[in-house]
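In what follows, a single structure is set out as structure tokens and then discussed.
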Amino acid sequence: MKVLLVGSGGREHAMAWKLAQSEKLTELFIAPGNAGTSAVGTNVDIGVDDHDDLVKFALDQNIDLAVVAPDQPIVDGLGDLLRDAGVTTFSPSAAAARIEGSKIWSDNLMTKYGIPTAESEPFSDSGSAMEYGRTKPEGTLVVKADGLAAGKGVIIPETYDELDSAITGMIDHGAFGESSSSILLAERMTGPEASVFAFVDGEHVSAEIASCDYKRVGEGDVGLNTGGMGSYGPPEFWTQELAARVRTEILEPAAKALVAENSSFSGVLYAGLMITEAGPKIIEFNCRLGDPETQILMPMLDSDFLEICLAVAENRLSESTVEWSSQPHTFVVAVSEGYPGSYDTGVEISGIDSAEAHGVVFHAGTAIKDDALVTSGGRVLGVTGNGDTIKDARDAAYTGIAEISFEGMKFRRDIAERAIQD
Ligand code: AMP
Ligand code: GLY
């Protein structure tokens with residue numbers, strides 16, 4: 001089969017790496033890809049937002065399966081365009097992707113179908129939002145942009161003043177452009193967080209897998225939010241009882257709710273959860289695989305990823321079995337100096353071969369320049385390690401990343417540390 005994968009990050013390298021292991025694959029194209037994906041397929045110089053060119057490429061090349069990985073093109077309806085053109089496609093429709101693309105739509109869905117989440121109110125007028133804020137104790141609300149905001153659309157204010165500036169920043173001053181012209185004020189929940197993923201095809205929900213990611217740049221979860229500094233799984237607090245609750249209280253009802261709303265979901269449903277004292281509650285739903293979770297999920301997937309994507313795209317997931325490994329995995333990301341602020345690119349990278357003796361190296365912001373591997377982004381690459389225990393998995397990932405070097409390279413040293421039992 002000829003497959004086109006749309007995306008360019010570390011998640012997409014992990015997906016390409018897994019697709020390339022399928023016996024069904026004859027040719028893999030990645031648009032636009034990175035230096036890592038060029039080792040397992042052919043990069044195509046078309047951006048993820050160039051929908052017409054992507055459809056044309058898929059038709060010209062007789063692509064048998066298109067897989068759309070990032071949130072923006074899914075929410076913007078690339079999956080629908082490809083399907084309308086006759087291309088078999090793994091991507092939720094734009095209608096189903098509202099579960100991620102509009103936090104207000106998603107919150108209404110959860111409220112209507114009794115899916116546990118934070119109590120929330122929508123606002124598009126800053127005055128009313130600030131007034132509502134005063135009816136709650138200080139530091140108990142979070143402010144969320146309605147639309148996509150590159151993972152940065154949530155502010156957690158401690159004081160009323162901070163709450164007011166978050167509200168006016170978003171609604172009146174367009175902190176996230178159109179995405180924040182409407183907002184949600186949500187009850188602030190506490191507890192450990194988990195990212196849970198399942199393949200969903202209509203009402204059918206595959207076996208699920210849980211993991212944890214790290215969003216802040218600094219050790220101890222301090223500093224600015226990033227695209228993700230690392231991940232591990234399974235989480236130390238993830239029990240069979242919890243998994244069963246998440247399945248019956250969240251994943252299955254969500255799949256059913258989407259069908260009932262004429263927005264049947266077909267793809268990967270990502271439940272961002274907080275495990276509160278009252279049980280698991282949704283922080284947010286996403287309509288895709290997560291980054292950097294995918295860099296452990298693909299190595300943990302015991303089934304043929306291409307076959308599953310095809311089964312979902314052809315609405316016959318119920319005939320397939322999705323199996324996940326329970327072996328511990330840890331993924332550590334190396335970033336450019338200055339990230340998530342400004343940083344240099346074009347910096348030469350060495351040590352990949354030595355790192356591969358300890359784990360799998362997944363590229364994100366890398367490129368080939370004059371035959372040398374160089375940085376081309378903030379999150380440059382990462383190493384996934386596995387082992388019999390989470391400590392072994394963590395040691396493998398850190399031994400691997402220590403083999404890699406580029407000027408200004410930084411990484412967090414505490415990924416998966418909390419999961420190790422003394
Ligand atoms: P999101 O972009 O929705 O994943 O949110 C980013 C981060 O903000 C989450 O990983 C949580 O740590 C935090 N967050 C979002 N919503 C809430 C909430 N209702 N209560 C507490 N923390 C939240
Ligand atoms: N892991 C966060 C995300 O993919 O949105």
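Keep in mind that what you see is a predicted model, and the values were worked out from it rather than measured. Just so you know, ligand 1 is whichever comes first in the structure, and atom 1 is the first atom listed for that ligand.
Note on ligand 1: Lys144 sits in its first shell, one or more heavy atoms being nearer than 4.0 Å.
When hydrogens are left out, the protein atom nearest atom 15 (C) of ligand 1 is Ile283 CG2, 3.3 Å; that is the closest non-hydrogen contact. In terms of protein heavy-atom proximity, atom 11 (C) of ligand 1 is closest to Glu193 OE2, 3.2 Å. In terms of protein heavy atoms, atom 4 (O) of ligand 1 is closest to Glu284 OE2, 2.7 Å. For atom 20 (N) of ligand 1, the closest non-hydrogen atom of the protein is Met189 N, 2.8 Å. Looking at atom 2 (C) of ligand 2, its nearest protein heavy atom turns out to be Tyr270 OH, 3.2 Å. Here the heavy atom of the protein found nearest to atom 8 (O) of ligand 1 is Val154 CG1, 3.6 Å.
Contacts of Ile156 with ligand 1, taken as heavy-atom pairs under 4.0 Å, involve the side chain alone. Contact annotation for Arg11 and ligand 2: no heavy atom of the residue comes within less than 4.0 Å of the ligand. Of the heavy atoms in Glu100, none comes closer than 4.0 Å to ligand 2.
In summary, Glu252 and Arg247 engage in a salt bridge, as defined by a charged side-chain N under 4.0 Å from a carboxylate O.
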Step-by-step side chain to side chain contact (heavy atoms under 4.5 Å, CB included) determination, Phe305 to Phe199: CA-CA 11 Å; Phe305 184 46; Phe199 293 91; 3.9 Å; yes

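In this structure, OG1 on Thr135 lies 9.0 Å from CD on Glu121, to the nearest 0.5 angstrom.
Listed for the Asp201 side chain is no donor-acceptor partner under 3.5 Å among the backbone atoms of Ser266.
Cation-pi contact between Arg413 and Phe411: present, with separation from the ring centre below 6.0 Å and deviation from the ring axis of at most 45°.
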